[in-house]
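Shown next, in structure tokens, is the structure this report addresses.
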Amino acid sequence: MKIVCIGGGHGLSQVLDALKNMPCELTAIVTTTDNGGSTGRLRQDPSQIAFGDIRRCAETLGNPENMLTILSEQRFEQNNDLNGHSFGNILLSALSQVTHNTSDAIKIFCAMLGVKHTILPMANGPVDLVATSESGERVFGECHVDALSTFPKHLSLSKAVVANQQAVEAILHADLILLGPGSLLTSVMPPLLLSDIRDALCRTSGCRIFIENLVPEHSAVDSIPANEQVTKAVEILGYKFFDVCLTPDAFEAMDLRSIEKEQHSSTHNKSQLKHIIEQLLPYQDDTQPNYSIKVH
């Protein structure tokens, strides 16, 4: 079973955490347009992609008893230029400089942390997110897009970059593609703006599932009703990127187990994610997948 997960931030890490022990081949395709925090400071080097979410995915999938996995999460708390940087971000940056190849750097980093699945950047070259508001204002960079007060009229990448070809192949050969949860504009949509990824998502025979957030994002996405947000994203992208849309109500309807639910949680329950995704997988006897539970 080949499962591709697309996105960024904590949402992608949650999905990977839920699936990492399942009998499947996981590929994470990670958004690399972040320009804030430690990642943003390291990206002052114009050759650097945003490594922060890649690091987080590797920590999720890595061996938790591996000292490098533990160190990767460690943030420096010193009154100097290292303050606020995570060790993992710096290590990835150093590996990128040594190898002169982003994919090679990530592959070495994952091996060091004991990652047994595949983590890929959406593109091997650095790129930023650009949005145009309804009033015509053009804003540059993920942080400024997040700070918009209204849903943008247009979303694009700052320059033409080629999608990671291993990521494209993974989508084409996937049995299941999971998109989200996470920030719609800045975590989910950036990889979908790449033409090769768009084409792969439109051509794949794998079932494409978009996982909605449980709570409002507190971003420009919230400026329009929840039931219009995905429609607006499809309008901006120019294509429908999912077959199944899992809403918070769908999660409740599909999970009838008597389990203790997290109260007032803003994130998906790992156990619930795993349980529901398992329902969407093809049966082991090669019969057709149970896609009759589609919800949109």
Side-chain angles (χ1 to χ4, degrees), residues 5-18 30-31 33-37 39-40 50 52-53 56-57 60 129-135 137 139-156 177-193 208-237 240-255 259-277 294-296:
C5 305
I6 302 175
H10 293 285
L12 178 57
S13 296
Q14 288 172 336
V15 173
L16 296 176
D17 196 27
V30 187
T31 298
T33 51
D34 187 12
N35 66 339
T39 294
D53 287 346
R56 183 178 288 113
C57 291
T60 299
L129 198 59
V130 180
T132 304
S133 69
E134 290 289 347
S135 64
E137 177 190 6
V139 297
F140 183 94
E142 185 175 301
C143 292
H144 288 112
V145 174
D146 267 332
L148 285 171
S149 58
T150 59
F151 207 104
K153 180 180 181 180
H154 184 68
L155 194 70
S156 64
I177 299 110
L178 304 174
L179 304 103
S183 171
L184 181 59
L185 293 172
T186 57
S187 288
V188 178
M189 291 179 68
L192 311 188
L193 294 166
R208 308 166 301 168
I209 301 175
F210 175 56
I211 304 171
E212 291 192 5
N213 296 321
L214 291 180
V215 297
E217 288 187 23
H218 303 296
S219 72
V221 172
D222 299 333
S223 65
I224 61 176
N227 61 353
E228 297 178 15
Q229 293 168 2
V230 177
T231 302
K232 185 69 173 177
V234 169
E235 179 183 317
I236 290 174
L237 291 169
K240 188 177 180 182
F241 57 91
F242 61 91
D243 303 301
V244 179
C245 185
L246 291 179
T247 66
D249 287 344
F251 267 83
E252 293 301 318
M254 292 169 64
D255 188 1
I259 60 171
E260 183 178 346
K261 303 291 180 66
E262 297 178 21
Q263 297 297 315
H264 309 294
S265 174
S266 61
T267 60
H268 284 280
N269 178 289
K270 171 182 162 182
S271 171
Q272 188 180 57
L273 263 176
K274 181 175 183 291
H275 176 71
I276 289 174
I277 291 170
K294 291 184 179 181
V295 181
H296 177 38

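In this text, all values refer to a predicted model and were calculated from it rather than measured experimentally.
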One should read off an interatomic distance between D249 CG and M254 CE, to the nearest 0.5 angstrom, of 12.5 Å
Quiz item: How are the rings of F242 and F210 set to each other: parallel, tilted or perpendicular (split at 30° and 60°)?
Solution: tilted
*asked:* Taking S13's backbone N and O only, do any of them form a donor-acceptor pair with D17's side chain (distance below 3.5 Å, no angle check)?
replied: no
Check this for me: H144, atom NE2, are more than 12 non-hydrogen atoms of other residues, nucleotides or ligands nearer than 6.0 Å? no
dist I276:CD1 -> S271:OG (nearest 0.5 Å) comes out at 9.5 Å
Can you find a pair of side-chain heavy atoms, one from F151 and one from I236, that are under 4.5 Å apart?
yes
Note: K270 and A18 closest approach over all heavy atoms is O-CB, 3.6 Å
Output for pair (R56 CZ, T39 OG1), nearest 0.5 Å, gives 8.0 Å
key: Sub-4.5 Å side-chain heavy-atom contact between L12 and S187   = no
Heavy-atom count around K232 NZ within 6.0 Å, excluding the residue itself: above 12?
yes
On a heavy-atom basis, the closest approach of T33 and A50 is N-CB, 4.2 Å
Between L129 and the options L193, D146, D34, the side-chain contact (heavy atoms from CB on, under 4.5 Å) test singles out L193
Exercise for the section: Could you verify whether a donor N or O on one side chain and an acceptor N or O on the other, from S135 and S133, lie under 3.5 Å apart? Expected result: yes
Exercise for the section: Give a yes or no on whether the backbone of I224 and the side-chain of Q229 come within a donor-acceptor separation of less than 3.5 Å. Expected result: yes
When rounded to the nearest 0.5 Å, the distance separating CD of E212 from CZ of F251 is 9.5 Å
Smallest heavy-atom separation, S149 atom then S223 atom, equals O-CB, 3.6 Å
Taking the side chain as everything from C-beta on, heavy atoms only, tell me whether T31 gets closer than 4.5 Å to T186. no
field: Donor-acceptor under 3.5 Å (N35 side chain, G40 main chain)
entry: no
Output for pair (L184 CG, E217 CD), nearest 0.5 Å, gives 6.0 Å
When rounded to the nearest 0.5 Å, the distance separating CZ of R208 from SG of C245 is 12.0 Å
Minimal heavy-atom distance between A131 and L155, with the atoms involved, is CB-CD1, 3.8 Å
Contact check, side chains of E142 and L185, non-hydrogen atoms, under 4.5 Å: no
Taking side chain as C-beta onward, heavy atoms only, is L273 less than 4.5 Å from I211? yes
Heavy-atom side-chain contact between S219 and V145 under 4.5 Å: no
